[in-house]
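Notes follow the structure.
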Amino acid sequence: MTAIRAIVTDIEGTTSSISFVKDVLFPYARQRLPAYVETHGDTSEVQHWLHEAAKEADIVEATRQEIIELLLGWIDEDRKSTALKALQGMIWQEGYESGEYRAHMYPEVASRLHAWRGEGLHLYVYSSGSVQAQKLFFRYSESGDLTPLFAGYFDTETGPKREQVSYQRIVEAIGERPEHVLFLSDVVQELDAARAAGLHTGWLLRPPLEVPPQPAHPAYASFDAIQP
Ligand SMILES: CSCCC(=O)C(=O)COP(=O)(O)O
Ligand SMILES: [Mg+2]
């Protein structure tokens, strides 16, 4: 492998379990979203994202209640909508700060991130969760505050995770050539897009998933198996 200088990691299914996101974070946001929109709906930030959600759904005029219903439907279908993700991030903040939950980390992730950083690698996050949600996730993780390890965060404002151009934008933003960057994810379509942009790829297949005999990307059961 060409010398890797930067690692960009996905979150859900890669650093952390899918079940924490689906069974803890999503239900928390789903339950609180209606009240949150009612109580914060007049702030310019919330108004902006409600407007973006309506635009995304091609709705010209909608009541607040209709947009809430739209967003709840999107949570249920796990739609990777930038507007929904921004609102979820705002709602999750309360849960982290009140200690209701801490973000799940697979057991080896924090030590491996520390080791890579210690070796001089630059670490970044690219997730469908908003940048605000990503920072909360790593600040309030089960393994402590990991935010000092990261040099930057990217979300779908950079572009969809299954499109090559998003990875081109990321390498440009971090000032590296693609062949010096390793992207880690559990989703093959994301890895295909990153590879098309010239990045190295690592496919996380967390147990009980098994590495197939001829994986489409270099495959690993844990971060400990990765040697950048
Ligand atoms: C940043 S925590 C919430 C993660 C989230 O909302 C999500 O959709 C996960 O997507 P990922 O790109 O990390 O697989
Ligand atoms: Mg993922």
Side-chain angles (χ1 to χ4, degrees), residues 7-33 36 49 53 56 71-97 100-106 109 113 123-143 145-147 149-150 152-163 166-167 169-170 182-195 199 201-207 209 216-217 219-223 226:
I7 296 178
V8 181
T9 185
D10 165 61
I11 296 178
E12 183 189 343
T14 301
T15 62
S16 310
S17 70
I18 292 173
S19 70
F20 172 71
V21 176
K22 294 238 173 357
D23 301 335
V24 178
L25 289 183
F26 285 0
Y28 185 91
R30 194 183 199 293
Q31 203 211 326
R32 285 162 179 77
L33 187 129
Y36 189 88
W49 290 119
E56 188 176 329
L71 290 165
L72 292 178
W74 285 358
I75 292 178
D76 294 341
E77 67 184 59
D78 190 11
R79 186 177 172 114
K80 304 298 187 187
S81 152
T82 303
L84 170 65
K85 294 290 160 190
L87 291 162
Q88 281 177 321
M90 295 176 211
I91 298 167
W92 288 329
Q93 181 162 3
E94 283 180 17
Y96 286 115
E97 287 178 348
E100 186 133 344
Y101 45 72
R102 286 192 299 163
H104 174 262
M105 285 293 141
Y106 284 111
V109 166
L113 292 174
L123 306 177
Y124 298 88
V125 180
Y126 181 30
S127 168
S128 307
S130 68
V131 166
Q132 181 195 9
Q134 297 173 26
K135 288 179 177 171
L136 288 165
F137 198 96
F138 286 105
R139 179 168 171 206
Y140 295 98
S141 95
E142 284 176 355
S143 305
D145 181 3
L146 302 177
T147 56
L149 296 171
F150 292 104
Y153 303 82
F154 298 92
D155 61 20
T156 52
E157 293 210 73
T158 297
K161 292 185 76 186
R162 298 179 185 203
E163 288 187 13
S166 306
Y167 299 87
R169 290 181 187 137
I170 288 173
L182 171 63
F183 175 61
L184 304 176
S185 177
D186 62 319
V187 175
V188 168
Q189 292 90 335
E190 296 174 6
L191 296 165
D192 289 345
R195 178 184 276 165
L199 285 75
T201 52
W203 184 13
L204 271 297
L205 283 162
R206 296 284 181 178
L209 297 175
H217 294 266
Y220 309 100
S222 87
F223 275 24
I226 303 169

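The first residue in the sequence is number 1, and the count goes up from there. Values in this document were obtained by computation on a predicted structure and should not be read as measured data. In listed order, ligands and their atoms are each counted from 1.
- By the 30° and 60° cut-offs, the orientation of the rings of Phe20 relative to Tyr101 is perpendicular.
- Distances from the Mg ion (ligand 2) to the N/O/S atoms of Glu12 are shortest for O.
- Proximity annotation for atom 4 (C) of ligand 1: of Leu136, Val21, Asp155, Val21 comes nearest, heavy atoms only.
- Aromatic ring orientation, Tyr96 versus Tyr140: parallel (interplanar angle below 30°, classes split at 30° and 60°).
- Scanning all protein heavy atoms for the shortest distance to atom 13 (O) of ligand 1 gives Ser127 OG, 2.8 Å.
- Scanning the protein for heavy atoms near atom 11 (P) of ligand 1, the closest one is Asp10 OD1, 3.1 Å.
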Problem - Derivation of the salt bridge (Lys or Arg N to Asp or Glu O under 4.0 Å) call for Glu12 and Lys80 - result: CA-CA 12 Å; Glu12 183 189 343; Lys80 304 298 187 187; 3.7 Å; yes

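- Considering the Mg ion (ligand 2) as centre, the angle to OD2 of Asp10 and to OD1 of Asp186 is 80° (10° rounding).
- Here is the list of ligand 1 atoms found below 4.0 Å of a heavy atom in Lys85: 5 (C), 6 (O), 7 (C), 8 (O).
- Some N or O of Lys161 is nearer than 3.5 Å to an N or O of ligand 1, by distance alone.
- Here's the thing with Ser128: one of its N/O atoms is less than 3.5 angstrom from an N/O atom of ligand 1.
- Ring geometry for Phe138 versus Phe150: interplanar angle of 30 to 60°, hence tilted.
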Problem - From CA spacing to verdict: side-chain hydrogen bond (donor to acceptor under 3.5 Å, both in side chains), Gln132, Lys135 - result: CA-CA 5 Å; Gln132 181 195 9; Lys135 288 179 177 171; over 6 Å; no

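- Of all atoms in ligand 1, listed by their number and element, those nearer than 4.0 Å to a heavy atom of Phe137 are 2 (S).
- Between the side chains of Thr82 and Thr156, at least one donor N or O lies within less than 3.5 Å of an accepting N or O.
- To the nearest 0.5 Å, atoms CG (Leu209) and CH2 (Trp203) are separated by 8.5 Å.
- Taking a cut-off of under 4.0 Å to the non-hydrogen atoms of Trp92, the atoms of ligand 1 that pass are 3 (C), 6 (O).
- Judged by the shortest distance from any of its heavy atoms, Phe26 lies inside the 4.0 Å radius around the atoms of ligand 1.
- Put simply, the side chain of Tyr28 never gets that close to the backbone of Asp23: no donor and acceptor are under 3.5 Å apart.
- Contact atoms of ligand 1 toward Ile11: 1 (C), 13 (O) (distance under 4.0 Å to a heavy atom of the residue).
- Under a 3.5 Å cut-off, the side chain of Tyr153 and the backbone N or O of Gln134 do not form any donor-acceptor pair.
- Near Lys80, meaning under 4.0 Å from one of its heavy atoms, ligand 1 places the atoms 7 (C), 8 (O), 9 (C), 10 (O).
- Annotation: atom 7 (C) of ligand 1 to nearest protein heavy atom, Glu12 OE1, 3.4 Å.
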